[in-house]
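Scroll down for the structure; my scribbles are underneath it.
Since the structure is predicted, the reported quantities are computational estimates derived from the model, not experimental observations.
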Amino acid sequence: MINITFPDGNQKSFEAGVSAIDIAKSISHKLAKEVLSASLDGQTIEPGAPINQSGNIKLFTWNDKEGKQAFWHSSAHVLAQTILALYPKTKLTIGPPIDNGFYYDVDLGEETIHEADFPKLEQKFMELARQKAEFKMRSSKKADALSYYKEKQNPYKVELIENLEDGTITFCDHSDFTDLCRGGHIANTGAIKAVKITAAAGAYWRGNENNPQLTRIYGITFPKQTLLEEYLHFLEEAKKRDHRKLGKELELFTFSQKVGQGLPLWLPKGAMLRERLENFLKTAQKKAGYLPVISPHIGNKDLYVCSGHYEKYGKDSFQPITTPHEGEEFLLKPMNCPHHCEIYKSSPRSYKDLPLRLAEFGTVYRYEQSGELHGLTRVRGFTQDDAHLFCTNDQVKDEFKDVIDLVLYIFKTLDFKEYTAQISLRDPEDKTKYIGEDENWEKAEKAIIEAAEEKGLNTVIEYGEAAFYGPKLDFMVKDALGRSWQLGTIQVDYNLPERFELEYVGADNQKHRPVMIHRAPFGSMERFVAVLLEHCEGKFPLWLVHNQVMILPVSDKYNDEAQKLLKLLNYYDIRALVDERSEKVGRKIRDAELQKVPYMVILGEKEISSGKISVRRQGQGDLGNFDVDAFAKLVTEEIEKELN
RNA sequence: GCCGAUGUAGCUCAGUGGUAGAGCACUUCCUUGGUAAGGAAGAGGUCACGGGUUCAAAUCCCGUCAUUGGCUCCA
């Protein structure tokens, strides 16, 4: 007999050899049917495999991340089986579960899979899944595993196995299909009730662009048909929140082939939106002791050679502009920091001047690869809400913490509740990608980790994600489709002050080197607006929205009164417009609702004679009658609340 | 840059080799109304661009450009 302990602390005895599913059955048949995966003492186990030792069990269903992962991992096996059945010459590589489904990377040789082939794949997939084949793990000797794949002429699997220790190599069989696999399946393929092949894409073997390109087939499966329908519905809804669609509808920005790829054109409404965001941050920065600076759009190449950016990113910049007579080379400014370093150097600095916080909405240009461009989130010309804080060693942590507060204030004001605070450190395997002394890196990394900890941030650490000159704290926010984008960033840098020989005179009358903090709470105005649009679905908070109030005269007769009201609202600093079209009021309401105007004011005979306006809130309907100043107060108070 | 997809009116899209289409938006006229679409008429396109096949191309083929889903990259 063995003792099994459940997460709630309860214990039960079972005969040795019992499976996780049997254990679930002992609780309820419903649970047994729903269990997808299990773990014993934290180790993932196959749900149908015999358990021969006592331990702590956890049972996972579709509602658990672990359950979904096992489900999609198993589905990847079936996908591989499907592809092999339809394209027998395929060489399999890897096929992991991801956040939304799974993929399998395959070498199809001469064949290609097109979107038109997806229905065929889906049909075969379900045919195979319905066989209810059990997933069974078995171990293999390294030599046997190698010869198996050598015989199949599959260099990818051979490479994978060569990197594994003998004695740890396992395969998973189901039906007539077998694959190298470390485990973590559902019991059998029968639980898969619905599949959607979502995309075919190229992907490099082991993520290295010098390696052969494989075909990656993406799919998603569900234990119920209705869940697939819900997922497809979610994708439809996400499309409505796409910033590219909303940007067009709300007339915020556009692109022109003539102007160039990745070079956004801000339309008046978009430019005014940006202005409000910038002013919001400028006000906050003024309070926090920042000083504005302005630097030009081009800079001498030597400036970036000095900073090290040219060596590292020269190929990712636009090519230098050469002056006709002197032959001097200039780059379109790819970042603002070297300029700000030179501003620092414009005058001798004392420790009394520090921290010196230089801020600029600096527009920069980067030659991003064409395949990378994406709406406003990845462009070739964009404006950073940049600032560089020059401080002493002792001031780094406090300055860093203040910047965290600023980022969190912005996120709170704009209702970004879900974000990831990512600490990006050096790649411990390859320090050659970075400049500077180990000692400085350690100081910088320690400062970030401590500051984030003292601010109580829930952080994840990513190795190898640091900038080449220093570690950083990045704030990542997801778009409508769940893709993660870096918005705010804070970076500690001991290296550029060194390279630019920045100095200050300390209380000891000796020269010292300052530390630099790079920070951009929005990140780039373009990307920030994009993610903001997707978050609020185009329904901007009142303080940001272009048109706060739409005045709707009941008929043309009241247009003059409407204009008077408009002036009055403007006097209260409220942005409003009058809908003077000869349309019925129902139509005007509908259009204002669709334009996502937060407040509507209806003006007709009743309002004029009573002196009270009739107010509607977007998405809510009629709010009743108000005196104009009471309404103005309502609006201004709502704005104040949003900004505090 | 690489692999796949897409490109028709301002927007969303239909149109599989034989005269370029719809809805919304726009313009004009009628209508002057009470809380999510009043009516009529009109205007609007070198079917992304360049070549080819054909008696005939939006449609088939090749190339280019742009957009797009991924991969790689991201100061």
Between [N] and [M], how many Å separate the two [atom1] atoms, rounded to a whole number?
| N | M | atom1 | result |
| --- | --- | --- | --- |
| B/U8 | B/C2 | P | 24 Å |
| B/U53 | B/C62 | C1' | 11 Å |
| B/C13 | B/G50 | P | 25 Å |
| B/A58 | B/G17 | C1' | 11 Å |
| B/A40 | B/A36 | P | 22 Å |
| B/G10 | B/A25 | P | 16 Å |
| B/U32 | B/U68 | P | 48 Å |

Touch class at under 4.0 angstrom, heavy-atom based, for [X] against every strand present:
| X | value |
| --- | --- |
| A/Ala200 | base |
| A/Lys312 | nothing |
| A/Gln369 | base |
| A/Gly371 | base |
| A/His114 | sugar-phosphate |
| A/Ala201 | base |
| A/Tyr103 | nothing |
| A/Gly621 | nothing |

Partner nucleotide, any strand, of [N] [Watson-Crick/G-U, under 3.5 Å]:
| N | value |
| --- | --- |
| B/C71 | B/G1 |
| B/U12 | B/A22 |
| B/U35 | none |
| B/C47 | none |
| B/U27 | B/A41 |
| B/C60 | B/G52 |
| B/G7 | B/C65 |

Nucleotide of [options] approaching [X] most closely (side-chain heavy atoms):
| X | options | value |
| --- | --- | --- |
| A/Arg216 | B/G70, B/G69, B/G4 | B/G70 |
| A/Tyr313 | B/C74, B/U31, B/G69 | B/C74 |
| A/Arg483 | B/A75, B/U32, B/G69 | B/G69 |
| A/Ser370 | B/G1, B/C24, B/A75 | B/G1 |
| A/Gln261 | B/U32, B/C74, B/A66 | B/A66 |
| A/Val585 | B/U32, B/A75, B/U35 | B/U35 |
| A/Arg366 | B/C74, B/G1, B/G34 | B/C74 |

Protein-nucleotide distance ([X], atom [atom1]; [N], atom [atom2]), rounded to Å:
| X | N | atom1 | atom2 | result |
| --- | --- | --- | --- | --- |
| A/Arg527 | B/C74 | CZ | C1' | 8 Å |
| A/Leu108 | B/C3 | CG | C1' | 11 Å |
| A/Asp591 | B/C11 | CG | P | 19 Å |
| A/Glu465 | B/C73 | CD | P | 9 Å |
| A/Ile113 | B/C3 | CD1 | P | 16 Å |
| A/Glu583 | B/U32 | CD | C1' | 11 Å |
| A/Asp316 | B/C73 | CG | P | 11 Å |
| A/Leu121 | B/G4 | CG | C1' | 14 Å |

I'd like to know if [X] reaches the base of [N] with its side chain, counting only an N/O donor and acceptor under 3.5 Å.
| X | N | answer |
| --- | --- | --- |
| A/Arg378 | B/C73 | yes |
| A/Tyr204 | B/G1 | yes |
| A/Arg590 | B/A37 | yes |
| A/Gln257 | B/A66 | no |
| A/Gln213 | B/C2 | yes |

Any chance the rings of A/His518 and A/Tyr469 have centres within less than 6.0 Å?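 Yes, they do, as the ring centres are separated by less than 6.0 Å.
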Cation-pi geometry met for A/Arg366 and A/Tyr313 (6.0 Å, 45°):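 Output no; distance or angle outside limits.
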Quick one: does NZ or CZ of A/Lys433 land under 6.0 Å from the six-membered ring centre of A/Phe468, within 45 degrees of the ring axis?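 No - A/Lys433 does not lie over the ring of A/Phe468 by the 6.0 Å and 45° rule.
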Parallel, tilted or perpendicular: which describes the rings of A/Phe125 and A/Phe102, with under 30° parallel and over 60° perpendicular?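 Aromatic pair A/Phe125/A/Phe102 classed parallel.
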Looking only at side-chain N and O atoms, does [X] come under 4.0 Å of OP1 or OP2 in [N]?
| X | N | answer |
| --- | --- | --- |
| A/Lys472 | B/A75 | yes |
| A/Lys588 | B/G34 | no |
| A/His374 | B/G70 | no |
| A/Arg244 | B/G69 | yes |
| A/Arg587 | B/A25 | yes |

Will you find, in the side chains of [X] and [Y], an N or O donor that is under 3.5 Å from an N or O acceptor?
| X | Y | result |
| --- | --- | --- |
| A/Trp205 | A/Asp105 | no |
| A/Thr420 | A/Gln422 | no |
| A/Glu360 | A/Ser295 | yes |

Test A/Lys301 against A/Tyr310 for side chain to side chain contact (heavy atoms under 4.5 Å, CB included), laying out the working first. CA-CA 8 Å; A/Lys301 191 179 110 182; A/Tyr310 190 76; 3.8 Å; yes
Applying the side-chain contact (heavy atoms from CB on, under 4.5 Å) criterion to A/Leu473, which one of A/Ile404, A/Val492, A/Val403, A/Val407 satisfies it?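 By the side-chain contact (heavy atoms from CB on, under 4.5 Å) criterion, A/Leu473 pairs with just one of A/Ile404, A/Val492, A/Val403, A/Val407: A/Ile404.
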A/Lys472 side-chain N/O to A/Ile423 backbone N/O, donor-acceptor pair under 3.5 Å: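 The answer is no, because no donor-acceptor pair under 3.5 Å joins these two groups.
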Got a sec? Which of residues 604-615 of chain A come in under 4.0 Å of RNA chain B, heavy atoms?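 Heavy-atom cutoff 4.0 Å gives A/Gly604, A/Glu605, A/Lys606, A/Glu607, A/Ser614.
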Do A/Arg616 and A/Tyr599 pass the side chain to side chain donor-acceptor pair (under 3.5 Å) test, and can you show the C-alpha distance, the side-chain angles, and the key distance before you say yes or no? CA-CA 6 Å; A/Arg616 270 184 74 96; A/Tyr599 284 103; over 6 Å; no
Does atom NZ (A/Lys312) have a neighbourhood of more than 12 heavy atoms from anything else shown, all under 6.0 Å?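 Atom NZ in A/Lys312 is packed in, count exceeds 12.
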